[in-house]
Amino acid sequence: MTINWSDIEHKWRTKWENSSLHNTNVDPDKPKFFLTVAYPYPNSPQHIGHGRTYTLTDVYARYKRMLGFNVLFPMAFHYTGTPILAMTKRLAENDPELLSAFQDVYNIPMSVIKQLDEPKKIAQYFHDEIKQGMIEMGYSIDWRREFTTIDTQYSKFIEWQFKKLNSGGFITRGSHPVGWCPKDGNPVGQHDTLGDIEPDIGEYTIIKFAFDDAKLVAATLRPETIFGVTNIWINPDIEYVKISLNNEKWIVSSDSMFKFEHLIEENSSTEAISGNSLIGKWTENPFTHMKIQLLPATFVNSKNGTGLVMSVPSHAPYDYQAIVDFTRDHSLLSKYPDIDTTNLAPIDVIKTPRYDNTPAKQIVSDLSIKNQDDSKLVDATKELYTLEFNSGKMIDIAGDYANLSVKQAKEKVKIDLIQLGIASKLYEIMNSPVICRCGTECIIKMFENQWFIDYGKPDWKEKAHSSINDMSLVPSEITVEFHNTVDWLHEKACARNSGLGTKLPWDSDWIIESLSDSVIYMAYYTLSRLIKEHTLDSSNLSEEFFDYILLGLGSSELVSANTNISKNIIDDLRTEFLYFYPLDSRHSGRDLVPNHLTFFIFNHSAIFPKNHWPQQIVVNGSVLMDGKKMSKSFGNIIPLRQAVKTYGADPIRLGIMSAAELLQDADFSLELVKSFTERLNKMHNLIHEIKSASDYDVTQAHSIEKWLLSRLQRSIQITTDSMNKLRVRESLHNIIYLLDIDLQWYNRRTTLSTEDQNSFLKYFFETRIKLLAPFAPHFCEETWETLGHEGSITLEDWPIPDTNLIDENSELSEDLIKNTVEDINNILKVTKIQTQRICIYIPANWKWNIFLHALKQEQLLLKDLIESSLNNPDYSEFKKHIPKFCQVLFKELSTMDSSSKSRILSIGKLNETQILEDLKSFYKTQNNIQVDLYSEDDSKIYDPRNRSIYSRPMRPAIFLE
RNA sequence: GCGGGGGUAGCCCAGCCCGGUCAAAGGCGUAGGAUUUAGGCUCCUAUCACUUAGGUGUUCGUGGGUUCAAAUCCCACCUCCCGCACCA
């Protein structure tokens with residue numbers, strides 16, 4: 001008989017639903033446990049990978065319920081954001097890639113796709129799809145509290161959040177360079193570009209060198225080297241322009257002019273200048289006032305920076321090489337007779353441990369660079385830049401900046417130059433061209449007056465650190481990542497101008513960005529049920545309303561008077577919030593550690609009092625599919641609902657949970673799922689065989705039953721310990737595999753009648769099924785019912801190990817038997833003989849005495865052991881065997897761990913003859929082999945090969961024939 | 001560059017914090033056997049090498065070190081993966 005998964009899943013889903021089993025209300029008599037998992041963004045159906053975090057959370061919820069907690073596990077949907085918008089657009093354009101994903105991977109019929117013509121419809125479609133999947137997976141969610149982040153009431157809640165942040169001084173405003181698609185009019189991130197290339201925004205300092213009525217504008221990444229400028233490089237073959245901006249005239253290459261477009265004064269004329277005409281002219285270093293000349297160089301690229309380069313030959317390999325090239329090129333020298341080459345000696349500015357002086361010269365010679373067009377110059381530049389950036393120090397020539405590290409000097413010089421009006425910043429895409437998905441080349445745009453949440457505030461960081469220190473992080477290894485994230489987080493743009501979401505309450509041009517409107521929503525779960533049931537209108541959900549309910553400010557009377565919401569409802573909302581908050585456990589994948597989870601910590605610490613800060617965060621790794629990352633392009637995505645349909649929810653749950661320990665990436669495999677299916681089937685069939693057996697009285701247990709009961713208690717203990725640490729793999733390991741191995745051994749050893757066995761097994765499985773219930777809820781409900789129970793197993797108590805049932809003696813005895821069997825197998829394997837008779841020799845008493853004596857010694861010395869044994873008159877007749885025996889014993893004891901030692905000591909001498917007596921029937925029934933037991937000092941011993949002298953306590957000697 | 005995580009027998013995955021029970025759990029796969037009309041399921045046995053007596057040898061990315069003892073502690077190196085934002 002095999003399990004019909006869809007039948008039992010449907011049956012139990014319906015029962016749970018009808019009995020509102022997972023709906024959780026305030027119950028002052030019961031301790032609550034409130035846990036949430038990052039809500040899904042509905043732009044695709046869930047796949048197996050998504051299932052991991054949700055399943056883990058559900059397993060935990062079910063476990064906590066069995067421990068007696070009033071568990072609240074809610075769910076909502078995150079509609080906020082831009083990807084759905086982009087998706088709508090691509091769908092409208094019949095984007096073939098997206099259409100194929102929808103049809104072939106997600107299996108959405110064309111007729112349905114046609115209807116998905118606006119963002120909300122797409123979100124709603126996947127919302128339903130995902131929700132259905134969660135139900136089918138058996139997640140024990142209180143669906144009454146479900147909401148979406150574009151519900152008007154939720155928006156009021158987010159408005160409240162931002163008012164709190166703003167009044168608390170956590171919001172700032174500023175300008176920020178972003179990668180920008182001029183066609184879409186949107187910032188672009190990695191996910192918006194062809195080939196998923198992140199625009200690498202570099203910051204140039206542009207330095208203005210006076211030149212007649214205008215400024216020659218050179219862009220540099222190394223403003224600190226301004227002390228070493230010897231000349232300016234101009235490419236004679238390119239065109240430059242003079243443009244008017246900021247009340248100045250700038251000279252830049254015409255190819256770079258567009259970068260200043262937004263600064264150029266309207267209607268101003270531009271004057272073209274050939275590069276060649278500039279060569280040989282003079283200007284001066286605006287900072288040091290040294291007179292310098294404009295020289296020709298071919299390496300200058302009209303598109304990089306401004307098409308002008310300030311030359312620092314000591315520290316820039318290109319500059320050094322270009323000067324070498326120029327001064328040895330006689331035709332050039334004669335072409336520009338005005339150029340004074342005596343003025344071009346490199347000027348050192350920075351020293352490093354590796355180079356004494358003019359490092360550019362040395363590195364050029366080390367790499368055997370031939371001329372300024374040599375491609376090795378790129379590496380040379382990078383190497384020297386990195387070296388000086390990390391270990392360089394400014395030397396005396398740098399005046400006030402002398403002795404500063406290059407890192408410090410770079411910032412300081414830059415700021416000072418800008419302050420003096422000599423320089424300004426220019427942002428540029430360093431890895432250009434970066435192409436937007438729409439096909440347009442991206443540029444840099446200053447995003448003006450952007451709103452930020454200022455995660456850089458030192459006192460806020462401190463609060464976040466302390467919140468982390470006060471909460472439990474599971475697994476604890478992840479703690480350092482949180483602290484690091486808190487440290488390097490800074491202003492985070494919190495609003496954008498497109499996408500679904502809530503408008504910024506004080507500036508309706510902006511929509512609150514999706515990572516910022518999802519940081520305290522756990523609190524909203526405690527309200528959403530009542531808000532929906534009483535159909536509270538969003539217009540009444542004022543700041544005052546949330547102030548009272550979430551912070552206890554004001555009074556319910558006043559709020560009621562001002563909002564038209566009855567006082568009772570307001571009181572209920574406050575009660576509900578106070579009952580469930582703080583959040584006891586937050587779950588998500590580890591990819592959210594550097595963003596969402598840390599924002600979540602920050603925002604709670606900003607808005608809520610300390611007693612409402614989160615209590616625990618649980619982080620899990622991702623899911624690989626047969627060793628590979630799951631992705632559409634690999635075609636290895638398995639939609640969750642389809643998997644449930646094919647394999648059943650419980651086998652999938654077990655497969656995901658057992659594949660890896662919490663933080664590791666889990667390698668999901670369908671083979672594993674299939675093997676779980678078989679194991680559950682086996683268990684199911686067995687339970688049907690034993691279901692009507694009579695009750696078992698554990699106090700009557702003896703022999704191998706006692707052993708299995710003892711093992712079961714240990715298993716409960718280990719499983720409980722690992723569940724508390726959410727080491728679910730270990731838990732399942734115990735429940736499924738290790739208990740199975742014990743059960744198999746039990747089956748070989750038991751001598752009970754089938755009837756008695758069945759009642760014993762019934763007891764065993766009732767406990768085992770409870771342990772399994774959080775993982776495989778449908779299966780366990782079904783088998784629990786089969787075993788004659790009426791209530792849901794969800795409401796059963798989690799098993800507690802019964803120390804009275806732990807029996808060290810039977811465990812040690814069973815170890816003796818197993819070891820002896822193993823030894824016999826070993827001998828059989830090596831000798832390859834077909835044995836008819838097994839002779840087992842139990843060690844003599846004196847051996848046990850020495851053994852126990854040796855175990856008691858804290859510091860065991862072989863010499864002492866031998867001597868004291870030899871001197872003991874009781875052993876005088878065995879003298880000749882003592883040294884050899886002690887030697888072997890000593891070796892054995894020196895590698896035995898202390899817990900085994902004390903275990904044996906606590907039990908004392910085993911009656912090995914009686915224990916091993918069982919082997920007679922064991923071998924008789926299995927292979928029809930005769931087993932004879934002898935004590936070593938038995939006078940009638942049969943020992944043709946004289947093996948009995950090798951016997952040791954816990955290790956009888958063996959002879960086969 | 002900054003931050004984090006890995007490298008264990010054919011594969012997956014524990015063990016490492018807290019050294020000894022570690023030739024290293026468990027699963028998957030494979031082979032042989034039992035059961036079966038057959039297949040599947042199930043059960044038993046084996047699965048680093050050598051070995052006709054329960055043994056020995058060499059293994060936990062590489063190389064050193066500490067220790068009576070190292071997969072585990074320390075140092076160096078090689079190598080793979082992930083994150084670095086205005087995007088969920």
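Sequence lines set the chain letters: A, B, ... in the order given, protein chains first and strands last, and positions in each chain run from 1. As the structure is a prediction and not an experimental result, all values here were calculated from the model.
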Considering only the C1' atoms, how many Å lie between B:A24 and B:U37, rounded to the nearest integer?
44 Å
Say we look at B:A71 and B:C48: how far apart would their C1' atoms be, to the nearest angstrom?
16 Å
Atom-to-atom span, OH of A:Y950 to C1' of B:G54 - whole angstrom:
12 Å
For nucleotides B:G26 and B:A14, find the distance between their P atoms and express it as a whole number of Å.
16 Å
For A:D815, is there an ion pair with A:R903 - N to carboxylate O distance below 4.0 angstrom?
yes
Taking 4.0 Å as the cut-off, does a side-chain nitrogen or oxygen of A:S669 come that near to OP1 or OP2 on B:C12?
no
Nearest heavy atom decides the nucleotide; on that basis, is A:P40 or A:I741 closer to the 5' end of RNA chain B?
A:I741
C1' atom, B:U47 versus B:C82: distance in rounded Å?
35 Å
Give one of base, sugar-phosphate or nothing for A:K492, where a contact means two heavy atoms less than 4.0 Å apart.
base
Please determine if a side-chain N or O atom of A:T831 lies less than 4.0 Å away from the OP1 or OP2 oxygen of B:A53.
no
Considering only the C1' atoms, how many Å lie between B:C80 and B:U45, rounded to the nearest integer?
38 Å
Is there a donor-acceptor pair closer than 3.5 Å between any side-chain N or O of A:K492 and the backbone N or O of A:I453?
no
Under 3.5 Å, is there an N or O donor on one side and an acceptor on the other linking the side chain of A:N43 and the base of B:A88?
no
Check: A:W745 and A:I817 side chains under 4.5 Å, non-hydrogen atoms:
yes
Going by modelled atom types, is there a donor-acceptor pair between the base of B:G3 and the side chain of A:N484 at under 3.5 Å?
no
Separation of atom CG in A:N595 from atom P in B:C84, rounded to whole Å
8 Å
At under 4.0 Å between heavy atoms, what does A:Q744 touch on the DNA or RNA strands: base, sugar-phosphate, or nothing?
sugar-phosphate
NA contact type, A:Q664, heavy-atom cut-off 4.0 Å: base, sugar-phosphate, or nothing?
sugar-phosphate
With C1' as the reference atom in both, quote the distance from B:U58 to B:C22 in angstrom, rounded to an integer.
15 Å
Using the P atom as the point on both nucleotides, what is the distance between B:G33 and B:G40, in whole Å?
13 Å
Salt bridge (charged side-chain N to carboxylate O under 4.0 Å, His left out) partners of A:K410, counting only residues at least two apart
A:E224
Could you give the distance separating B:U62 and B:G6 at their C1' atoms, to the nearest angstrom?
16 Å
Does the side chain of A:P843 come within less than 4.5 Å of A:F885's, by heavy atoms?
no
Between A:V830 and A:E513, just flag the one whose closest nucleotide in RNA chain B comes earlier from the 5' side.
A:V830
What is the nucleic acid contact for A:P956, judged by heavy atoms within less than 4.0 Å: base, sugar-phosphate only, or nothing?
base
